[in-house]
Amino acid sequence: MVRNNERGTVSAIGLCVLTALLLLALAAAQFMRGGAGIVSEYEREMQLRLAAESGVETAAAALEAAADVYGAPPAKDEHREVDVGTAPVAAEIELRVFIETPHDAAPGEVIHVVAAAVDVGEPRITDGEDWLRAKIVRARMEKKGDRYVWRRWF
């Protein structure tokens with residue numbers, strides 16, 4: 001038999017359990033929403049990286065076919081933007097590709113192919129700052145005869 005003074009205790013415990021369940025459900029919902037945002041950010045980072053790698057690969061393929069496809073190599077410690085045509089990139093990504101002669105090599109013997117993929121869409125980080133997201137990749141190529149050969153990413 002339940003006494004009159006115990007009814008309030010059971011109600012208070014019931015409210016505490018209900019509140020705990022509600023907080024647990026809200027935490028789960030927040031976790032799921034945050035997970036979707038993380039996945040979206042990772043996907044965009046990979047799109048930028050793959051676009052930059054595509055630009056380097058496209059320029060490298062042209063240089064492997066003919067060393068003079070982009071004209072004479074730039075002077076030491078200088079770079080020049082090159083047109084790689086239509087490298088495949090995702091929407092709202094701007095791709096720029098450069099060739100440069102490193103300071104530790106003779107002009108024309110070694111070149112670096114550098115690509116930058118820039119996210120030109122709406123900023124995905126809403127903290128009041130104007131962030132510019134980009135990925136940059138670089139490759140080293142060495143001249144062999146009348147063409148360049150791939151050496152490595154760096």
Side-chain angles (χ1 to χ4, degrees), residues 15-154:
L15 281 173
C16 288
V17 169
L18 186 60
T19 303
L21 287 174
L22 181 63
L23 288 175
L24 187 61
L26 288 173
Q30 183 65 27
F31 177 74
M32 295 302 288
R33 192 171 336 142
I38 291 170
V39 168
S40 172
E41 289 298 315
Y42 177 76
E43 181 181 1
R44 191 57 173 182
E45 291 289 323
M46 287 308 300
Q47 287 174 343
L48 289 168
R49 173 141 187 115
L50 292 173
E53 287 180 1
S54 175
V56 167
E57 292 281 352
T58 303
L63 288 163
E64 286 175 342
D68 61 351
V69 69
Y70 297 121
K76 232 182 231 194
D77 287 331
E78 290 186 6
H79 63 274
R80 180 176 62 243
E81 187 168 3
V82 296
D83 181 19
V84 294
T86 56
V89 297
E92 297 183 332
I93 292 179
E94 179 183 309
L95 178 64
R96 299 182 71 187
V97 181
F98 301 87
I99 56 173
E100 64 184 14
T101 300
H103 68 278
D104 62 346
E109 295 302 312
V110 175
I111 60 170
H112 293 165
V113 181
V114 182
V118 181
D119 189 349
V120 295
E122 289 293 318
R124 288 170 167 70
I125 300 173
T126 57
D127 62 355
E129 296 291 328
D130 189 20
W131 294 99
L132 182 63
R133 183 191 328 217
K135 285 292 182 185
I136 299 172
V137 295
R138 300 167 60 105
R140 183 178 181 97
M141 300 186 78
E142 293 179 3
K143 190 167 187 179
K144 298 290 183 192
D146 62 344
R147 63 189 187 96
Y148 285 94
V149 293
W150 181 271
R151 284 298 168 224
R152 62 186 166 93
W153 293 103
F154 69 101

Original post:
Can you check whether L18 reaches L22 side chain to side chain, under 4.5 Å on heavy atoms?
Top reply: no
Original post:
Is any side-chain heavy atom of P73 less than 4.5 Å from a side-chain heavy atom of I99?
Top reply: no
**OP:** First locate atom CZ of R138, then atom CH2 of W153, and finally report the distance between them rounded to the nearest 0.5 Å.
**Re:** 12.0 Å
**OP:** First locate atom CG of D104, then atom CG of D77, and finally report the distance between them rounded to the nearest 0.5 Å.
**Re:** 9.0 Å
**OP:** Hey, could you give me the CG/CG distance between L48 and L95, rounded to the nearest 0.5 Å?
**Re:** 10.0 Å
Original post:
Of all heavy-atom pairs between A75 and T101, which one has the smallest distance, and what is that distance?
Top reply: O-CB, 3.6 Å
Subject >> Gap between atom CD of Q47 and atom NZ of K135 - 0.5 Å precision >> reply: 12.5 Å
Original post:
Can you find a heavy atom in the side chain of V113 that is under 4.5 Å from one in the side chain of M141?
Top reply: yes
Original post:
Under 3.5 Å, side chain of S54 to main-chain N/O of L50, donor-acceptor pair present?
Top reply: no
**OP:** First locate atom CG of D119, then atom CD of E45, and finally report the distance between them rounded to the nearest 0.5 Å.
**Re:** 8.5 Å
Subject >> Partners passing salt bridge (charged side-chain N to carboxylate O under 4.0 Å, His left out) against R80 (at least two apart in sequence or in another chain) >> reply: none
Original post:
So which heavy atom on A117 is nearest to which on A51, and how close?
Top reply: CB-CB, 3.9 Å
Subject >> From CA spacing to verdict: side chain to side chain contact (heavy atoms under 4.5 Å, CB included), W150, E57 >> reply: CA-CA 10 Å; W150 181 271; E57 292 281 352; 4.2 Å; yes
**OP:** Looking only at non-hydrogen atoms, find the nearest pair between Y70 and A62 and report the distance.
**Re:** OH-CB, 3.6 Å
**OP:** Quick one: closest heavy-atom pair of V84 and G55, and the distance?
**Re:** CG1-O, 4.0 Å
Subject >> By side-chain hydrogen bond (donor to acceptor under 3.5 Å, both in side chains) - contacts of E78 (at least two apart) >> reply: none
Subject >> Residue pair G108 / Y148: nearest heavy atoms and the distance that separates them >> reply: O-OH, 2.8 Å
Original post:
Tell me the ring pair (Phe, Tyr, Trp, His ring centres under 6.0 Å) pairs involving residues 101-120, sequence neighbours left out?
Top reply: H112-F154
Subject >> Approximate separation, where rounding is to 0.5 Å, of E109 CD and I111 CD1 >> reply: 11.0 Å
Original post:
Are any of the side-chain heavy atoms of V56 and V97 separated by less than 4.5 Å?
Top reply: no
Original post:
Between R49 and E53, is there a side-chain N and carboxylate O pair less than 4.0 Å apart?
Top reply: yes
